Each structure stands twice: as structure tokens, then as C-alpha cells.
Protein chains: 2
Amino acid sequence: MHPCETCALRKKELFSPFSESDLKFMKEFRTGDVTLQAGEILHNEGDENAFFYTAKEGQGAHFKHLANGDRQLVNFIFPGDVVGLQALLSGAAATTAIAASPMLLCRFHKHKLAALFRDNPERAYALTWISAVEQHFLGETIATLGQRSAAQRMAWALLKIHTRLSAVGLAPNGVAAFPFKQRDLADALGLSLVHTNKTLAKLRPYVTWDHGELHVFDKNVLADIALTDHEAPQRRPLL
Amino acid sequence: MHPCETCALRKKELFSPFSESDLKFMKEFRTGDVTLQAGEILHNEGDENAFFYTAKEGQGAHFKHLANGDRQLVNFIFPGDVVGLQALLSGAAATTAIAASPMLLCRFHKHKLAALFRDNPERAYALTWISAVEQHFLGETIATLGQRSAAQRMAWALLKIHTRLSAVGLAPNGVAAFPFKQRDLADALGLSLVHTNKTLAKLRPYVTWDHGELHVFDKNVLADIALTDHEAPQRRPLL
DNA sequence: CGACCTGTTGATGTCCCTCAAAGGGGGTGG
DNA sequence: CCACCCCCTTTGAGGGACATCAACAGGTCG
């Protein structure tokens with residue numbers, strides 16, 4: 001099991017301070033690790049999970065599938081995200097969680113969740129806070145799928161992703177590691193693969209994304225296109 | 001202040017059992033009521049709220065606004081829903097919450113939230129659970145906006161709404177009270193008003209919605225169109 | 001060297017948007 | 001009690017953004 005003490009994640013600017021006593025508590029609370037290869041599934045839609053996780057390394061995504069075979073990428077999974085809590089609380093997973101690159105996640109057992117709420121109200125509060133952050137983000141996604149054009153969606157998404165990755169140190173020199181396929185981005189934005197490709201080409205003066213490397217050249221232009229102001233992500237707790 | 005003892009909401013089938021001690025605790029925890037007229041705003045996007053609420057009577061919605069004036073209805077507010085918790089936790093409201101009919105909400109003060117987590121782990125757990133249910137729903141909305149056609153979206157939404165309203169007793173004889181405008185549904189589905197109207201007309205054999213009354217004649221056909229199975233909503237806690 | 005996957009580009013079609021205008025109610029004032 | 005207005009709904013016509021179909025190029029792996 002990877003040691004908590006040397007985990008660099010909690011020192012990233014994205015997260016609110018993580019005290020020594022927090023560290024001690026979470027060390028006790030944690031029940032293991034999970035490692036995934038690219039393409040491996042953490043859990044499937046409908047599964048009744050016994051665990052939830054926080055992503056430590058690597059990236060993945062949540063997918064929802066329709067009866068006709070279409071799929072929607074609901075949410076990316078980046079380091080620091082909590083995965084599977086929804087599944088655990090409502091009884092069945094709403095999404096399929098898949099790794100897009102090798103991943104490492106810290107695992108927590110369902111049965112310890114009640115103890116968390118009983119013994120450590122601050123951490124429980126943090127958990128709810130994380131859930132609220134998630135809600136905020138899903139709401140924004142709904143707004144972009146409902147109201148924005150293809151180019152606007154893409155500018156919004158790439159900006160958002162780049163900012164999020166930067167905030168956990170995954171964009172050294174402004175180049176973010178983003179190990180997905182155009183197919184994935186298409187499914188995230190609700191666009192066809194072909195149109196995703198063409199829209200990417202149109203934005204090429206301002207962003208570039210190939211071989212898993214996401215370069216953002218002009219945040220301001222992208223933000224203008226996306227009809228959004230690119231603010232730094234709000235600080236939030238890490239579990 | 002409306003008395004908790006006679007509140008009929010907690011006896012509805014949608015909610016998991018609400019014990020006498022829960023009742024006693026929430027009575028203490030509650031800090032007041034809010035009543036809204038149709039069209040009144042509970043809070044605006046960007047507000048820093050001091051309160052959060054659970055909707056008791058009436059209906060409303062969460063909106064997000066884009067720089068160009070477009071708006072997206074992110075989520076409806078039905079009796080039993082928690083409102084404003086996200087705003088409170090992340091510091092600023094992500095959405096504008098507006099009443100579509102006269103509403104009554106139970107109000108809770110921000111400062112009491114820490115006490116809730118400290119003194120009543122079960123209720124805190126319930127709160128997080130509610131948040132997870134919300135996430136589940138937002139994820140489904142993302143999938144429909146991203147993948148479904150106009151008719152599919154509408155069938156999905158009307159079915160969902162009807163089911164949700166039935167579960168809190170707002171659809172006597174199968175006729176649900178749904179006090180919104182076509183403009184609102186259009187903004188919820190990411191469609192133009194005109195096309196919303198035309199799509200409603202197409203579905204008229206199976207659903208009807210006028211004068212705030214939503215009739216569902218054939219759930220199965222609607223579910224087929226929507227590419228979904230219409231299950232009863234999962235039981236969940238009430239705050 | 002062939003099979004496969006991902007990315008790229010062109011041609012054609014269609015779903016939905018935009019523009020435009022008319023038909024109910026319900027409310028207010030003359 | 002009728003005239004007028006405003007809000008919401010409904011319907012038609014035309015155009016555009018994006019989907020679908022099709023084909024090819026490059027890279028990787030057997």
C-alpha cells in the first residue's frame with residue numbers, strides 16, 4: 001500500500017490545507033490501493049459497490065450508456081477526485097468508471113463511512129463539500145451541453161481541463177497531459193467524432209491537442225469563445 | 001412558522017422513514033420559513049448564502065445564465081429537494097433559484113450546519129446522501145442533453161417529472177401539477193421554444209401538458225421513445 | 001506486410017434554429 | 001361590457017450547424 005505520508009497530492013494548490021491529524025485519521029480510514037491499467041474498468045453502471053476511492057494518479061472518466069449503444073462521458077476523473085461515493089450511497093452506480101491511463105486510487109470501505117461521520121465531523125463535512133463541488137461542475141456541464149455551440153463547448157472544456165490539470169501540477173510548462181482520444185471528447189461534448197475533429201482544427205490557433213498533450217496558447221481567446229471567464233478553480237478539500 | 005409535526009411530506013413514499021427523534025432534532029435545527037410568490041427569486045447566481053432550505057410546497061427551478069443572455073434550466077425544484085446547500089458549501093451559488101409557483105421552504109442557517117455534522121451523524125449522512133442523489137440526476141441530465149434527440153429528451157423529461165411529482169402526491173388521478181411555461185421546458189432541454197412546442201405536439205398522443213396540468217397517457221411508449229425504462233424513483237432521505 | 005486503431009478531410013443530408021406572424025386567454029381601463 | 005394589451009402558445013418558411021457516410025493517411029503491433 002502506498003504510504004500517505006509521502007503523498008504529494010495534498011500539497012497541491014487546488015486543495016485546502018490537510019493537517020497532520022487529518023493525515024493520521026485518513027491513514028487509519030484507508031483500506032487499500034487500487035491500480036488500473038488504461039482501459040480497465042473500476043466499476044460498471046448498476047454495480048453495488050462496497051468501496052469508494054479518491055484518485056491519486058492517472059486519469060479516467062465516468063460514462064453513461066443509452067439503450068441504443070450511444071454513450072456520454074459524464075465527467076472526467078482527475079487526481080483528487082472522489083469516485084464511487086454516489087454509487088455507494090444510492091445503492092447502484094450511476095456510471096461506468098474507466099481508466100484512460102494507468103491509475104492509482106486510494107480505497108475506502110463502505111463500512112467505514114458511518115464511522116467517518118460519527119468520529120470525524122470535519123472530514124464528513126469535507127466529503128459533503130466535495131460532493132457539492134461535483135454538483136457545481138455537473139451543473140456547468142449541463143449549461144454548456146444545453147446552450148453552447150460546438151466551438152464554444154470545446155473551448156470551455158479544454159480550458160476547464162487545462163486549468164484543472166494545472167492545479168494538480170500536471171501541466172509543467174503549460175503542457176497538460178491529457179491521455180484521452182477524440183472519441184472521448186466527442187462523447188463528453190455530445191458531438192459526433194467527425195465534427196469534434198473539425199472543431200478542434202478550427203481552434204488550432206489557440207489550443208493544440210495531440211499525442212496526449214494539451215497545449216493552451218491563448219486562454220483569453222478561448223475564454224471569449226466559450227463565453228466564460230477563466231477563473232482559477234476554487235479551493236476544496238481532499239479526502 | 002409552519003409546524004413540523006403536521007408536515008405531510010415526510011410520510012410520502014419517496015422518502016425513507018423519518019423517526020420521531022429525527023423530527024425532534026430537525027425541529028430544533030430549523031430556523032424558519034420562507035414563502036415565495038411565483039416568479040420570486042430565492043437566491044441569485046454568485047450570491048453568498050447564509051441559509052439553505054428544503055422545499056416543502058410548490059415548485060421552482062435552478063437557472064444558469066450565459067454571457068450572451070441564454071439561460072439553462074439546470075434542475076427543477078420539487079417538494080423534498082434540498083436547495084442552496086451547494087451554494088453554502090462552495091461559497092457562492094452556482095445557480096439562480098426561482099419559484100414557478102407559490103412556494104414554502106423550511107430554512108436552516110449556515111452556522112448550524114457544523115453542529116449538524118457534530119451532533120447528528122445520521123442526519124449528516126442523510127444530507128450527503130441527498131447530495132449523491134442530486135449528482136445521479138444531474139448525470140442523467142447530461143446524458144440526455146448530450147445524446148438524445150428532441151423527442152427523446154422531452155419524453156425523458158416529462159416521464160421523469162411526472163414520476164417525481166407522483167411520488168410526493170402531486171399527481172392525483174395521474175394528473176400532475178406542473179406550473180411551468182414552454183419557455184422553461186425549452187431551457188431545460190436545450191431546445192428552442194418553437195421546436196419545443198412542435199415536439200410537444202408530436203408527443204400529444206402520449207402526453208398532454210396545458211394549463212399547468214401534465215397528463216401521461218402511455219408511460220411505456222414514452223419510455224420507449226426516451227430509450228429508458230421508467231422505474232420508480234429510489235427512496236431517499238428527507239431533511 | 002497486413003490488420004487495426006486513431007486522426008483527417010470531403011460530400012451529402014437532416015434536425016433543429018431563426019425569423020415571422022397569427023390566435024387565444026386574462027387583466028386593466030375606458 | 002367592450003377595447004386593448006400583454007403573455008403564452010401555435011404554425012409556416014427558410015437557413016445553418018452538425019450528423020452521417022465514405023475514403024484515406026499515419027502509426028503500431030502482430
Side-chain angles (χ1 to χ4, degrees), chain A residues 37-39 61 66 68-73 98 100-101 144-158 177-205 207-215 225-227, chain B residues 37-39 61 66 68-73 98 100-101 144-158 177-205 207-215 225-227:
Chain A
Q37 293 310 305
L66 269 68
N68 64 2
D70 286 354
R71 63 176 205 172
Q72 172 71 30
L73 192 162
I98 311 186
S101 70
T144 91
L145 291 184
Q147 304 300 331
R148 285 190 241 254
S149 71
Q152 292 171 338
R153 291 184 207 192
M154 186 158 299
W156 173 83
L158 294 181
F178 187 57
F180 290 86
K181 312 292 178 195
Q182 292 190 4
R183 163 94 269 147
D184 297 315
L185 187 60
D187 289 338
L189 302 180
L191 299 172
S192 73
L193 174 57
V194 172
H195 200 63
T196 300
N197 182 288
K198 289 174 180 170
T199 306
L200 258 175
K202 250 195 266 179
L203 295 182
R204 201 142 295 160
V207 235
T208 248
W209 172 39
D210 36 33
H211 307 291
E213 294 192 340
L214 179 63
H215 295 243
I225 294 174
L227 293 177
Chain B
Q37 294 310 307
L66 270 69
N68 63 4
D70 286 355
R71 62 176 207 172
Q72 173 72 28
L73 193 162
I98 311 188
S101 70
T144 91
L145 291 183
Q147 305 300 331
R148 286 190 241 253
S149 70
Q152 291 171 339
R153 292 183 206 191
M154 187 160 299
W156 172 83
L158 294 180
F178 188 55
F180 290 85
K181 311 293 177 195
Q182 292 190 6
R183 162 96 268 147
D184 298 314
L185 187 60
D187 290 337
L189 302 180
L191 300 173
S192 72
L193 174 56
V194 171
H195 200 63
T196 300
N197 181 287
K198 288 173 179 170
T199 307
L200 258 175
K202 252 195 264 178
L203 295 182
R204 200 141 296 159
V207 234
T208 249
W209 172 39
D210 36 32
H211 307 290
E213 294 192 340
L214 180 63
H215 295 243
I225 293 174
L227 294 177

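Each chain gets a letter, A, B and so on, in the order the sequences are listed, and its residues count up from 1. Nothing here was measured: the structure is a model prediction, and the numbers come from that model.
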What's the [atom1]-[atom2] distance between [X] and [N], to the nearest Å?
{"X": "B:D70", "N": "C:dC17", "atom1": "CG", "atom2": "P", "value": "11 Å"}
{"X": "B:F180", "N": "D:dC7", "atom1": "CZ", "atom2": "C1'", "value": "18 Å"}
{"X": "A:D187", "N": "D:dA19", "atom1": "CG", "atom2": "P", "value": "11 Å"}
{"X": "A:L185", "N": "C:dT8", "atom1": "CG", "atom2": "P", "value": "12 Å"}
{"X": "B:D184", "N": "D:dC7", "atom1": "CG", "atom2": "P", "value": "15 Å"}
{"X": "A:H211", "N": "C:dG7", "atom1": "NE2", "atom2": "P", "value": "10 Å"}
{"X": "B:L200", "N": "D:dC8", "atom1": "CG", "atom2": "C1'", "value": "13 Å"}
{"X": "A:H195", "N": "C:dG10", "atom1": "NE2", "atom2": "P", "value": "15 Å"}

TODO: Examine C:dT8: is either OP1 or OP2 under 4.0 Å from a nitrogen or oxygen in the side chain of A:Q182? Give yes or no.
DONE: yes
Open item on the list: Is A:N197 close enough to C:dT8 that one of its side-chain N or O atoms is under 4.0 Å from OP1 or OP2 there?
Closed with: yes
[X], nearest nucleotide to its side chain (from [options]):
{"X": "A:V194", "options": "D:dA19, D:dT9, D:dC21", "answer": "D:dC21"}
{"X": "A:K181", "options": "D:dA19, C:dC17, C:dT6", "answer": "C:dT6"}
{"X": "A:R204", "options": "C:dA20, D:dC21, C:dT8", "answer": "C:dT8"}

By the 4.0 Å heavy-atom rule, please label [X] as base, sugar-phosphate, or nothing.
{"X": "B:G212", "answer": "nothing"}
{"X": "A:S149", "answer": "sugar-phosphate"}
{"X": "A:L191", "answer": "sugar-phosphate"}

Task: Upstream residue (5' side of DNA chain D) when B:D210 and A:L193 are each assigned their closest nucleotide - done: B:D210
TODO: In sequence, state the C-alpha distance, the side-chain angles, and the governing distance for B:L200 and B:W209, and then conclude on side-chain contact (heavy atoms from CB on, under 4.5 Å).
DONE: CA-CA 8 Å; B:L200 258 175; B:W209 172 39; 3.8 Å; yes
Open item on the list: Tell me if the side-chain of A:K198 makes a donor-acceptor pair with the base of C:dG7, cut-off 3.5 Å, by modelled atom types.
Closed with: no
Open item on the list: Applying side-chain contact (heavy atoms from CB on, under 4.5 Å) to B:L66 and A:Q152, what does each step give before you reach the verdict?
Closed with: CA-CA 11 Å; B:L66 270 69; A:Q152 292 171 338; 5.5 Å; no
- [ ] Run through B:D210, B:D187, B:T196, B:N197 and flag the one making a side-chain hydrogen bond (donor to acceptor under 3.5 Å, both in side chains) with B:Q182.
- [x] B:N197
TODO: Rounded to the nearest 0.5 Å, what's the gap from CG on B:L203 to CG on B:L158? Could you check?
DONE: 7.0 Å
Open item on the list: side-chain contact (heavy atoms from CB on, under 4.5 Å), that's the test. Do A:M154 and A:H195 meet it? Break it down for me.
Closed with: CA-CA 11 Å; A:M154 186 158 299; A:H195 200 63; over 6 Å; no
